[in-house]
Amino acid sequence: NSLYYKRDPLARYFAGRELMSVAVEETFHYEELMDNELHAAAIRAMAIDDRVVESCGDISQVVVIGAGMDTRPYRIQLTNPNVKWFEVDMPEVIKLKVSLLSSAPSHLQGNISSSTVKSISHIPLNLKYNLRNLIPSLEANGFNRSEPAFYIMEGLLMYLTVGDVRSLFAELPQCKGSRVVATVVSFISRFISSSSLFSYFSNIQLSAYQMVGMWRNDWLSLNIGFAFSKWNVVHKNNILDEGRLKTPELNLPRFRNKRLPQNRKGAELILDLMPQ
C-alpha cells in the first residue's frame, strides 16, 4: 500500500519485480477506470500510519494481526524509543518474510536497521486453529497483557467469518488505554462488487476485484453479529473521507494529476475501537 504515496524500497523488494510490474499496470488501469481517482489503498496506509504515530506516545506495544509483508515498522518515525512491535501471521508467511529480511541486499540494510521501534518480533501462528495461543505466543516474545497495546487489523477482517471476528476480539486483553484500528467493507460495496453484472459492465479484470469473492462479511453483518466483543467503535470513517482530510499531504509528484472523488465512497471503512 505504501508504494502509492511515498517511496518504500522495502515494499518493492518484498513484492519482487514481477509483481511490481503487475501492481503498476493494475494501478493505472484502476485510475483510468475511475476517472483518474487516487487509489484508496494509499489513503488506508497513510491513515493507519498516522494513528500508530499518534498512539505510540502513550502506548509501547503494537500488534499487527495478519501482518503479511507490511513494512510499516521500517517506514514510520516514532518518538517513543520503547515501542515493541509484534507481527502475527501464518507460519509460511512469517518464514518467507524473515528470510527476505535476512537476505536483503546491502542497499536496503539501512532501511531495516534505521527502524525507530525498539524491537520487532515475528510470530508464526495459524489463528484459525490456534487462536487461544495468540496472547501466550505474544507474551513469550515480550508482550505484557497488563499494559495497553495498539492492535492493527488492516485488510484482514473481511476475509473472516463473523464468528471468527467475534472470537478474535474476545481474545484481546481488555486493558485500559488499548486501541484497535481495523478496516472493514461496507454492505453496499460488498453487494455491488460481488455482482457479476458489476464486473461485466465495468470490464474489470484486476486481481484486486477477484478477491471480492473472498469477502465473508461487511460492516452491517459484523454489527448484527455483535462481532466486536467487549470493544466499542469510537470512530468510523470511509477511507476516501480520510483522504479528503489529508489532501495537502498527498500533494506529491506521483499525484500531480490525481484527485480525490468528491461524491463517491470507497469500499472500505476504517474503525477505531477501545475496550468497554
Side-chain angles (χ1 to χ4, degrees), residues 1 43-67 70 72-73 76 78-80 82-88 117-118 121 123 125 127 131-132 134-139 141-187 217-243 245-246 266 268-276:
N1 294 342
I43 309 299
R44 183 176 78 178
M46 178 177 283
I48 295 177
D49 280 6
D50 289 349
R51 283 163 167 77
V52 173
V53 172
E54 175 188 349
S55 298
C56 282
D58 301 317
I59 296 177
S60 297
Q61 303 182 116
V62 177
V63 180
V64 188
I65 302 177
D70 183 25
R72 187 166 280 115
I76 59 175
L78 302 178
T79 57
N80 181 352
N82 299 311
V83 174
K84 297 179 180 179
W85 196 278
F86 305 88
E87 298 192 338
V88 182
V117 303
K118 181 178 181 179
S121 300
I123 301 170
L125 193 65
L127 295 180
L131 181 57
R132 291 295 179 89
L134 173 60
I135 302 305
S137 297
L138 288 169
E139 290 179 317
N141 287 272
F143 180 82
N144 188 337
R145 71 169 70 207
S146 300
E147 295 181 0
F150 188 95
Y151 300 92
I152 300 174
M153 303 176 191
E154 181 181 8
L156 169 70
L157 299 186
M158 63 280 288
Y159 300 109
L160 308 179
T161 66
V162 173
D164 288 340
V165 175
R166 187 186 308 114
S167 297
L168 174 58
F169 273 83
E171 285 296 313
L172 303 182
Q174 300 292 299
C175 183
K176 182 179 180 181
S178 288
R179 184 175 174 183
V180 175
V181 61
T183 58
V184 300
V185 295
S186 68
F187 169 77
N217 64 65
D218 52 61
W219 168 242
L220 179 61
S221 63
L222 290 172
N223 271 282
I224 294 175
F226 299 100
F228 306 119
S229 177
K230 300 180 180 179
W231 290 78
N232 289 326
V233 178
V234 296
H235 183 257
K236 173 176 67 72
N237 203 8
N238 187 275
I239 292 293
L240 292 185
D241 286 335
E242 289 277 335
L245 299 175
K246 300 176 183 297
E268 281 187 277
L269 307 173
I270 187 165
L271 310 179
D272 297 285
L273 303 97
M274 300 183 71
Q276 292 179 354

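Predicted model only: the values in this text are computed from it and were never measured.
Closest approach of G177 and P148 over heavy atoms only: C-CB, 3.6 Å. Across N141 and S121, no two heavy atoms sit closer than the pair O-OG, 3.8 Å. Among all heavy-atom pairs drawn from Q174 and S229, the shortest one is NE2-O, 4.4 Å.
Evaluation of the side-chain hydrogen bond (donor to acceptor under 3.5 Å, both in side chains) rule for E54 yields no partner, not counting sequence neighbours. Among residues two or more places apart in sequence or in another chain, the side-chain hydrogen bond (donor to acceptor under 3.5 Å, both in side chains) test is passed with S178 by none. With sequence neighbours excluded, the residues that form a ring pair (Phe, Tyr, Trp, His ring centres under 6.0 Å) with F86 are F143. With sequence neighbours left out, D58 forms a side-chain hydrogen bond (donor to acceptor under 3.5 Å, both in side chains) with no residue at all.
In this structure, Q61 contributes its side chain and E147 its backbone to a donor-acceptor pair below 3.5 Å. Formation of a donor-acceptor pair under 3.5 Å by the N217 side chain with backbone atoms of L160 is found in this model. Judged by distance alone, with hydrogens and angles left aside, the side-chain atoms of D218 form a donor-acceptor pair with the main-chain N or O of L220 at under 3.5 Å.
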V83 and K118: CA distance, side-chain angles, deciding distance, side chain to side chain contact (heavy atoms under 4.5 Å, CB included) verdict: CA-CA 5 Å; V83 174; K118 181 178 181 179; 5.6 Å; no

Candidate pair W231 and L271, rule side chain to side chain contact (heavy atoms under 4.5 Å, CB included), full reasoning: CA-CA 11 Å; W231 290 78; L271 310 179; over 6 Å; no

Full working for side chain to side chain contact (heavy atoms under 4.5 Å, CB included) between F226 and V162: CA-CA 8 Å; F226 299 100; V162 173; over 6 Å; no

L168/L157 under side chain to side chain contact (heavy atoms under 4.5 Å, CB included): CA gap, chis, key distance, verdict: CA-CA 10 Å; L168 174 58; L157 299 186; 4.2 Å; yes

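W219 contributes atom CH2, which lies 12.5 Å from atom CG of N238 (distance to the nearest 0.5 angstrom). Atoms CG and CE, on N232 and M274 in that order, are 9.5 Å from each other to the nearest 0.5 Å. Considering CE of M158 and OG1 of T183, their distance stands at 4.0 Å, rounded to 0.5 Å. In this structure, the separation between CD1 on I152 and CD on E87 is 9.0 Å, given to the nearest 0.5 Å. The CG atom of L125 lies 4.5 Å from the OG atom of S137; values are rounded to the nearest 0.5 Å. Between the SG atom in C175 and the CD1 atom in I59 there is a gap of 9.0 Å [rounded to 0.5 Å].
Sequence neighbours left out, not one pair with a member in residues 219-231 passes salt bridge (charged side-chain N to carboxylate O under 4.0 Å, His left out). Residue pairs that meet the salt bridge (charged side-chain N to carboxylate O under 4.0 Å, His left out) test with at least one member in residues 159-171, sequence neighbours left out, are R132-E171.
Using a 4.5 Å heavy-atom cutoff, the side chains of R72 and V62 are not in contact. Between R44 and I270, the closest side-chain pair of non-hydrogen atoms is not below 4.5 Å. Side-chain contact between L78 and V53 is present, with at least one heavy-atom pair separated by less than 4.5 Å.
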